Amino acid sequence: MKIHIIEIGTFQLPPSRPLKDLIPEIKKIKLSKGLPVAFKLDSIIIDWHSPLPEDVEEIVLKPLFPEDRESLEVLRHTASHILAQAVKELFPEAKLGIGPAIDEGFYYDIYYPKPFNEEDLKLIEKKVKEIIKKNLPLERKVLERSEAERLFSELKEDFKLELLREFEDSQISVYTQGNFVDLCRGPHLLTTGQVRAVKLLSVAGAYWRGNEKNPMLNRIYGTAFFKEEDLKAYLELLEEVKKRDHRRLGKELELFLIEEDIGAGLVIWLPKGALVRKIIEDFWKEEHLKRDYHLVYTPHIALRDLWKTSGHLDFYSDNMYPPMELENRAYQLKPMNCPFHIYIYNQKRRSYRDLPLRLCELGTVYRFERSGVLHGLLRVRGFTQDDAHIFCREDQLEDELIRVLDLVIYFLKLFGFQEYQIYLSTRPEKFVGPPEIWDKAEKALKSALEHKGLAFEIDPGEGVFYGPKIDLKIKDVLGRFWQCSTIQVDFNLPERFDLVYVSEDNRFHRPIMIHRALLGSLERFFGVLIEHYGGAFPFWLAPIQVRVLTITDRNILYGEKIFQELKSAGFRVDKDFRNEKINYKIRSAQMEKIPYMIILGDQEEQRQTLSLRKRSGEVLQDLTLSEVITLLRSENTLSSIH
RNA sequence: GCCGGCGUAGCUCAGGGGUAGAGCAGUGGAUUCGUAAUCCACAGGUCGUGGGUUCGAAACCCACCGCCGGCUCCA
């Protein structure tokens, strides 16, 4: 067979031989990037061990080198095998689950009667490094199904057997290194020594195949790179992530509080955090009113029967707080706002002329979350959705969806999020409503996305039973994605609450409902914002925009005057007139991440000027107050948009 | 909920069967200073909660609560 490797050359290989056989020949060529790690055949990654297609005479391979993203996948997959080998050597009774490469590294799920702890992890890491040092060659073998079953039952690898029995192929591939064997499709490196930099990061419990009914395995997470410096850079990134952790910054910057005595997952917004929230809320309301939404407020609890009608008791009760009984009636803390908005729709007879009816609310809801899943502001039990429900006619659906998408993107960009992952989830197996309308709604969602020129992926069958939806994840400054926005079409609730409007033909028709949240929940969005900006909010969001600092006590009077003038100019300003050195006061302001400091001493006072220090450290001297005000005003993104 | 780790002053953390320690923050004083930490003093803790072991527990054991990293789910 003729093998053409791009930019390397063309080689001849006898049939059913692996690429490995070509190594001596390839090594003779001067390769600027060294020997390839693996190859790409069309869109699949193959390694030096992989069997090549048999029915063709010629294939073209794209070589993958350490700098290619896909090579890392191969490396990490091998690293996970090394991890498994290390564990098996140290703990022979351990049983292996699965061990894939993941975005940031790899893991292996391993059963062992006694769960592993941090100390075991250190031991295992040591062993991993030994195996790497031995530079064991990897081999790929193909076994008959029965042979493979015999092998893994001899090895007492129950989980592997379970996997094996579900495979359809009669031939099973395994990879070996030293005396370690693992059921595996590949691809892998040539030798364990190619894994130059590896680190085990954590152990955690993980159910076999993610199912709570299955036994719990130990998941060992690690990461690996071709170069030590890449590992170092990654560990530094982890440090950076830690520094930006909204829970830490929330404490340091006094933004919010989650307090054991108050309750897990319940958020207290401290004055500074509350101020940021107020800015977001004011802006949100204004923008919605501009776009012909009606602002509404609804109660936090309601009679439980409401949730029976809505169907939430049937499919959502696990997430709902238990009922409260009073005067023989059961009340329910609300997990969603929709039923209330439905009653607003139903408050009077609606005409086709009333549609679309857009109701919006910053509605606080309570959902019970299992204690183990709570996480700072990102996962809480009480939160405020920036919710809206749009009731429209079928012919208005696409237009409304476009308008919603417009608004989403407008908001997200303003908050500094430029990149998104968008998923369109389509009809699941269990669904309500006529399939034709589903098709129409899916089409409407799709063309709305296309109309906005937004790239998206389709998640087939992942829609909620009541309608198709668009989920939007935003990418933060560290490249992490967060789900915030969601747009869902609903055919179910209008049916359950028997919503109608009177059409031109004087007959009743059923409206379609759109649920949508742009920011998702204010709590989560705030958490994401804190991490995105590392606590250094842009000027328009900063709880304190400017701080006035005096050099000595002599300047307090002048400082007070400047402070008052900035305040009446509409800025969020505070002052630091403490009897401390200027360096000390600058340091405090800097650590509080205040965008601007105004520093004044005798010199400024005499000349009636100011010194302005930006958060970046840049200093502008000798400015007049009106120059400063002009400069600050130009910083205000919001006013420049309005 | 489950698995592992953790819980000591407002914060960050040290200590560890003989009765509590640092830095920062706070308070008082000295200092009046030019763009990221001035000095001194003081004050501050039923060592997460409850129970047990012990002459003695913050340390060891058990239960619970909470937090952290995951599994699952989602805003």
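The shown structure was predicted, so the numbers you read here are calculated from the model rather than taken from an experiment. In the text below, chain A, chain B and the rest are named by the order of the sequence lines, each starting its count at 1. Every heavy atom of this structure was used, including side-chain atoms; hydrogens, water molecules and symmetry mates were not.
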If I take atom [atom1] in residue [X] and atom [atom2] in nucleotide [N], what distance separates them, rounded to the nearest angstrom?
X: A/Asp318; N: B/U72; atom1: CG; atom2: P; result: 17 Å
X: A/His246; N: B/C68; atom1: NE2; atom2: C1'; result: 13 Å
X: A/Ile110; N: B/C3; atom1: CD1; atom2: P; result: 19 Å
X: A/Arg247; N: B/C6; atom1: CZ; atom2: C1'; result: 13 Å
X: A/Ile551; N: B/U32; atom1: CD1; atom2: C1'; result: 11 Å
X: A/Tyr111; N: B/C3; atom1: OH; atom2: P; result: 12 Å
X: A/Phe256; N: B/C67; atom1: CZ; atom2: P; result: 12 Å
X: A/Glu462; N: B/C74; atom1: CD; atom2: C1'; result: 13 Å

With sequence neighbours left out, write down each residue that passes salt bridge (charged side-chain N to carboxylate O under 4.0 Å, His left out) with [X], or none if nothing qualifies.
X: A/Glu369; value: A/Arg379
X: A/Glu157; value: A/Lys88
X: A/Arg381; value: none
X: A/Glu125; value: A/Lys129

Self-check item: RNA chain B contacts among residues 378-386 of chain A, heavy-atom distance under 4.0 Å
Solution: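 Heavy-atom contacts with RNA chain B come from A/Arg379, A/Val380, A/Phe383.
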
Quiz item: Going by number, which of residues 607-623 of chain A have a non-hydrogen atom under 4.0 Å from RNA chain B?
Solution: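 Those residues are A/Ser611, A/Arg613, A/Val619, A/Gln621.
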
Exercise. Name the residue closer to the 5' end of RNA chain B, choosing between A/Asn218 and A/Met597 according to the nucleotide with the nearest heavy atom.
Key: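 Here A/Asn218 is the residue nearer the 5' end.
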
Exercise. Starting from the 5' end of RNA chain B, give me the residue, A/Ala206 or A/Ile258, whose nearest nucleotide shows up first.
Key: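 Checking each residue's closest nucleotide, the 5'-ward one belongs to A/Ile258.
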
Taking only the [atom1] atom of each, what is the distance from [N] to [M] in whole angstrom?
N: B/G28; M: B/A43; atom1: P; answer: 15 Å
N: B/G70; M: B/A63; atom1: C1'; answer: 24 Å
N: B/G10; M: B/C47; atom1: P; answer: 13 Å
N: B/U38; M: B/G18; atom1: P; answer: 40 Å
N: B/A58; M: B/U8; atom1: C1'; answer: 7 Å

Quiz item: Base, backbone or nothing for each nucleotide of nucleotides 41-50 of chain B, written B, S, -, heavy atoms under 4.0 angstrom, 5' to 3'?
Solution: ----------

Self-check item: Within residues 249-260 of chain A or reaching into it, pairs that qualify as side-chain hydrogen bond (donor to acceptor under 3.5 Å, both in side chains) - sequence neighbours excluded
Solution: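 Sorted result for residues 249-260 of chain A: A/Arg248-A/Glu252.
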
For this output row, return yes or no: ring centroids of [X] and [Y] closer than 6.0 angstrom.
X: A/Phe315; Y: A/Phe465; result: yes
X: A/Trp269; Y: A/Phe526; result: yes
X: A/Phe577; Y: A/Phe563; result: no
X: A/Tyr466; Y: A/His515; result: yes

Quiz item: Strictly by modelled atom types, are A/Ser485 and A/Lys473 linked by a side-chain donor-acceptor pair under 3.5 Å?
Solution: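 No, because no side-chain N or O of A/Ser485 sits under 3.5 Å from a partner of the opposite role on A/Lys473.
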
Quiz item: Is it the case that A/Arg277 and A/Thr384 place a side-chain donor and acceptor less than 3.5 Å from each other?
Solution: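 Yes, because at least one side-chain N or O of A/Arg277 sits under 3.5 Å from a partner of the opposite role on A/Thr384.
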
Within the 4.0 Å heavy-atom criterion, would you say [X] contacts the bases, only the backbone, or no part of the nucleic acid?
X: A/Ile582; answer: sugar-phosphate
X: A/Gly205; answer: base
X: A/Gly372; answer: base
X: A/Ala517; answer: nothing
X: A/Glu604; answer: base
X: A/Asp602; answer: base

Self-check item: Presence of salt bridge, A/Glu400 and A/Arg358, under 4.0 angstrom
Solution: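 Salt bridge between A/Arg358 and A/Glu400, a charged N being under 4.0 Å from a carboxylate O: yes.
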
Quiz item: Near A/Leu238 CG, under 6.0 Å, is it more than 12 heavy atoms from other residues, nucleotides or ligands?
Solution: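 Above 12, so yes.
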
Quiz item: Got a sec, which residues hit side-chain contact (heavy atoms from CB on, under 4.5 Å) with A/Asn211, two or more places apart in sequence or on another chain?
Solution: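 For A/Asn211, the residues satisfying side-chain contact (heavy atoms from CB on, under 4.5 Å) (neighbours in sequence not counted) are A/Lys213, A/Asn214.
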
Self-check item: Consecutive-pair stems (3 or more, Watson-Crick or G-U, under 3.5 Å) for RNA chain B
Solution: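 In RNA chain B, stems of three or more pairs: B:1-7 with B:65-71, B:10-13 with B:21-24, B:26-30 with B:38-42, B:48-52 with B:60-64.
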
Exercise. Please work out whether the ring planes of A/His389 and A/His341 are parallel, tilted or perpendicular, with thresholds of 30° and 60°.
Key: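 Ring orientation of A/His389 relative to A/His341: perpendicular.
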
Quiz item: Aromatic rings A/Phe159 and A/Tyr111: how do their planes relate, parallel, tilted or perpendicular, breaks at 30° and 60°?
Solution: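 The rings of A/Phe159 and A/Tyr111 sit tilted, inter-plane angle from 30° to 60°.
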
Looking at [N], I'd like to know if its phosphate oxygens (OP1 or OP2) sit under 4.0 Å from a side-chain N or O belonging to [X].
X: A/Ser202; N: B/G70; answer: no
X: A/Tyr221; N: B/C71; answer: yes
X: A/Arg219; N: B/C2; answer: no
X: A/Lys251; N: B/U12; answer: yes
X: A/His375; N: B/G70; answer: no

Which nucleotide wins on minimum distance to the side chain of [X], given the candidates [options]?
X: A/Arg578; options: B/G34, B/G26, B/U32; value: B/G26
X: A/Tyr207; options: B/U32, B/C2, B/U35; value: B/C2
X: A/Asn117; options: B/C74, B/G5, B/G1; value: B/G5
X: A/Ile586; options: B/G1, B/C71, B/A36; value: B/A36

Could you list all N or O pairs between the protein and nucleotides 38-40 of chain B that sit under 3.5 Å apart?
residue	atom	partner	partner atom	Å
B/U38	O4	A/Glu580	OE1	3.2

Exercise. Could you give me the CA-CA distance, side-chain angles and deciding distance for A/Lys114 and A/Asp120, then say whether salt bridge (Lys or Arg N to Asp or Glu O under 4.0 Å) is met?
Key: CA-CA 11 Å; A/Lys114 181 196 93 60; A/Asp120 299 325; 3.3 Å; yes

Practice problem: Dump the intermediate steps for side-chain contact (heavy atoms from CB on, under 4.5 Å) on A/Tyr423 and A/Thr486, then the final yes or no. | Solution: CA-CA 10 Å; A/Tyr423 301 91; A/Thr486 183; over 6 Å; no

Exercise. Return each pair, listed once, that meets salt bridge (charged side-chain N to carboxylate O under 4.0 Å, His left out) where at least one residue sits in residues 474-490 of chain A; pairs must be two or more places apart or across chains.
Key: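 Applying salt bridge (charged side-chain N to carboxylate O under 4.0 Å, His left out) to every pair that reaches into residues 474-490 of chain A, excluding sequence neighbours, yields A/Glu419-A/Lys475, A/Asp476-A/Arg480, A/Arg480-A/Glu531.
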
